[in-house]
Amino acid sequence: MVPGRFDGKTLLVTGGAGDIGRTVARRCADEGARIAIVDLDEPKMAAVVEELRAAGHEAEGYRCDVTDSEQVATAVAAAVTRFGRIDFCFNNAGYQGLFVPTPEYPEDDFRKVMEINVVGVFNVLVAVARHMRDAGGGAIVNTASYAGVIGPPNMLAYAASKFAVLGLTKTAARDLAPHGIRVNAVSPALIGPGFMWTRQTELQAAAGSQYFDADPRVVERQMIDSVPMRRLGSLEEVASSVAMLLSDDASYVTGVNLEVTGGQ
Ligand code: NAD
C-alpha cells in the first residue's frame, strides 16, 4: 500500500465485480484513485460500488458486456463524462472455460472463451487507448494468466485466449508508447482462496487426466507443491502487482508480462 500514490487519478476496472477486479479496485482506491467499475453482473457490481463508497471512496458502476464494442464505448464515454478522464485501466473481465481434454473440447465453449477473453479485452483496449491517446497518456494492465504461459492440461480455450492477451499486450505496448500509454499484463497462477481456485481444482480432478488426482483436495496439494513458495498467492498480492504496474514505479516498464505465480 502506498497511500496517496493515485490521488486525483481515475481507474476503470473491467470484471470489477469479481474477486481480482474488486480487490484491485479497493487497493487503488485506498491509494487515492477514483473508481469506474465495469461488469456484466449488475447486483455484484452494485455491491462493490457500495463497499467502495462506504469506505469513503468515489466510485461508479457501468453495466456492460465487454464482448459488445458499442456497450464498451458507451461505458468508457460515461466514465469519462463522470470523472473527467481515465488515467488507468485494469482490463480484467474473463471466463475460465470448461476443463475438457483436447479431443472432446466443444467448439461453442471455445468460441465463448475467445469472445470474452480476447474480443472483450480487445474492445476495452481499443476504446480506452483512443481516450488515453486524446487525453495525453495513461497506463493499462491486461489480465492474462499463467495458463497463457504454460498451456495447462484440459484448458485448451482458456490457455489460447490468454496467450492471445499477451500478444495484444505486446503489440499495443509498441503502438501506444508514442502516445505516453504503457501496456503491461499480469499472469496470476495459484490465487486463492476464491471461486477460480476452487473451480479449477474441482474441474481438473473431474477431467480425468494423467496429471491430476481424482480428489480435488489432492489436486490442491499437487498444484501448491509444484511452486517454489509452496502456497497460494492472495488476491492482495495480485493487487499489489497491478498497482505497481499502473504506478510511476513502473514508468519505464511496458510490454511486460508479470507472472504472479509463486515461482513456477
Ligand atoms: P471472477 O469470476 O471472480 O471475476 C470475473 C468477472 O468478469 C466477473 O465479475 C464477471 O461478471 C465479469 N465478466 C465476465 N464476462 C464478462 C463480460 N462479457 N462483460 C463484462 N464482465 C464480464 O474471476 P477472477 O478470479 O476475479 O478473474 C479475473 C481475471 O483474472 C480473469 O480474466 C481471469 O481469467 C484471470 N485470472 C484469474 C486467476 C485466478 O486464480 N483467480 C488466475 C489467472 C487469471
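As the structure is a prediction and not an experimental result, all values here were calculated from the model. Just so you know, ligand 1 is whichever comes first in the structure, and atom 1 is the first atom listed for that ligand. Values below: all heavy atoms of this structure, side chains included; hydrogens, waters and symmetry mates excluded.
Inspection of the Asp30 and His57 side chains reveals an N or O donor paired with an N or O acceptor under 3.5 Å. Residues Thr14 and Asn92 bring no donor and acceptor atom of their side chains to less than 3.5 Å of each other.
Remark: Tyr62 OH is packed, more than 12 non-hydrogen atoms of other residues, nucleotides or ligands lying under 6.0 Å away. Within a 6.0 Å sphere centred on CZ of Arg174, other residues, nucleotides and ligands contribute 12 heavy atoms or fewer. Within 6.0 Å of the CD atom in Glu107, the count of heavy atoms belonging to other residues, nucleotides or ligands does not exceed 12.
Both Phe83 and Val80 belong to a single network of hydrophobic side chains, linked directly or stepwise wherever heavy atoms of I, L, V, M, F, W or Y lie under 4.5 Å apart.
Ranking the protein heavy atoms by distance from atom 22 (C) of ligand 1 puts Ala93 CB, 3.8 Å first. Nearest protein heavy-atom contact of atom 41 (N) of ligand 1 is Met196 CB, 3.2 Å. Protein heavy atom at the shortest distance from atom 21 (N) of ligand 1 is Leu40 N, 3.4 Å. With respect to atom 4 (O) of ligand 1, the closest heavy atom belonging to the protein is Gly18 CA, 3.3 Å. In this structure, atom 35 (C) of ligand 1 lies nearest to the protein heavy atom Thr143 CG2, 3.4 Å. Looking from atom 5 (C) of ligand 1 to the surrounding protein, the closest heavy atom is Gly94 O, 3.9 Å. Of the protein's non-hydrogen atoms, the one nearest atom 2 (O) of ligand 1 is Phe195 CD2, 4.0 Å. Annotation: atom 38 (C) of ligand 1 to nearest protein heavy atom, Ile20 CD1, 3.9 Å.
Salt-bridge formation is not detected for the pair Asp7/Arg5: no Lys NZ or Arg NE/NH1/NH2 atom is positioned less than 4.0 Å from an Asp or Glu carboxylate oxygen. Under a 4.0 Å N-O distance rule, the pair Glu115/Arg111 does not qualify as a salt bridge. A salt bridge links Glu58 and Arg82; the closest N-O separation between the charged side-chain nitrogens and carboxylate oxygens is under 4.0 Å.
Side chain of Arg182 to main chain of Ser247: a donor-acceptor pair is present (N/O by atom type, distance under 3.5 Å, no hydrogens or angles).
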- Message: With side-chain contact (heavy atoms from CB on, under 4.5 Å) as the criterion, how do Trp197 and Leu190 come out once you've worked through the C-alpha distance, each side chain's angles and the decisive distance to 0.1 Å?
- Response: CA-CA 7 Å; Trp197 172 245; Leu190 309 183; 3.7 Å; yes

- salt bridge (charged side-chain N to carboxylate O under 4.0 Å, His left out) between Arg221 and Asp213, intermediate numbers included: CA-CA 10 Å; Arg221 221 35 281 158; Asp213 197 84; over 6 Å; no

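Of the N or O atoms in Val66, one or more lie within a sub-3.5 Å distance of an N or O in ligand 1. By the 3.5 Å distance cut-off applied to N or O atoms, Trp197 is not counted among the residues near ligand 1. An N or O contact shorter than 3.5 Å is missing between Pro188 and ligand 1 by distance.
Heavy-atom contacts of Ala17 reach the following atoms of ligand 1: 9 (O) (cutoff under 4.0 Å). Under a 4.0 Å criterion applied to the non-hydrogen atoms of Ser145, ligand 1 contributes the atoms 43 (C), 44 (C). The ligand atoms of ligand 1 that sit less than 4.0 angstrom from a heavy atom of Asn92 are 28 (C), 29 (C), 30 (O), 31 (C), 32 (O). Of all atoms in ligand 1, numbered sequentially from 1 with element shown, those under 4.0 Å from a heavy atom of Gly15 are 6 (C), 7 (O), 12 (C). Annotation for ligand 1: atoms under 4.0 Å from non-hydrogen atoms of Cys64 are 19 (N), 20 (C). Within ligand 1, the atoms closer than 4.0 Å to a non-hydrogen atom of Ile116 are 15 (N), numbered from 1 in the order shown. Close approach of ligand 1 to Ala144 is summarised as follows: ligand atoms under 4.0 Å from at least one heavy atom of the residue are 44 (C). Of all atoms in ligand 1, listed by their number and element, those nearer than 4.0 Å to a heavy atom of Asp65 are 17 (C), 18 (N), 19 (N).
Listed by chain and number, the residues in a side-chain hydrogen bond (donor to acceptor under 3.5 Å, both in side chains) with Arg230 amount to none (sequence neighbours excluded).
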Distance-only check: which donor-acceptor pairs under 3.5 Å involve side-chain atoms of residues 155-164, not counting sequence neighbours?
unit_1	atom_1	unit_2	atom_2	d
Ser161	OG	Asn117	ND2	3.1
Ser161	OG	Tyr158	O	2.7
Lys162	NZ	Thr143	O	3.1

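Counting heavy atoms under 4.0 Å from ligand 1, residue Lys162 touches it through the side chain alone. Contacts between Asp19 and ligand 1, counted as non-hydrogen atom pairs separated by less than 4.0 Å, involve both the backbone and the side chain. Only backbone heavy atoms of Ala189 (N, CA, C or O) come within less than 4.0 Å of ligand 1; its side chain stays farther off. Neither the backbone nor the side chain of Ala147 comes within contact range of ligand 1; no heavy atom lies under 4.0 Å. In Tyr158, the part holding a heavy atom less than 4.0 Å from any atom of ligand 1 is the side chain.
Val183 pairs in a side-chain contact (heavy atoms from CB on, under 4.5 Å) with only one of the listed residues (Thr171, Val256, Thr169, Val141), which is Thr169.
Counting heavy atoms only, Asp39 comes closest to atom 8 (C) of ligand 1 of the residues Thr198, Asp39, Ile37.
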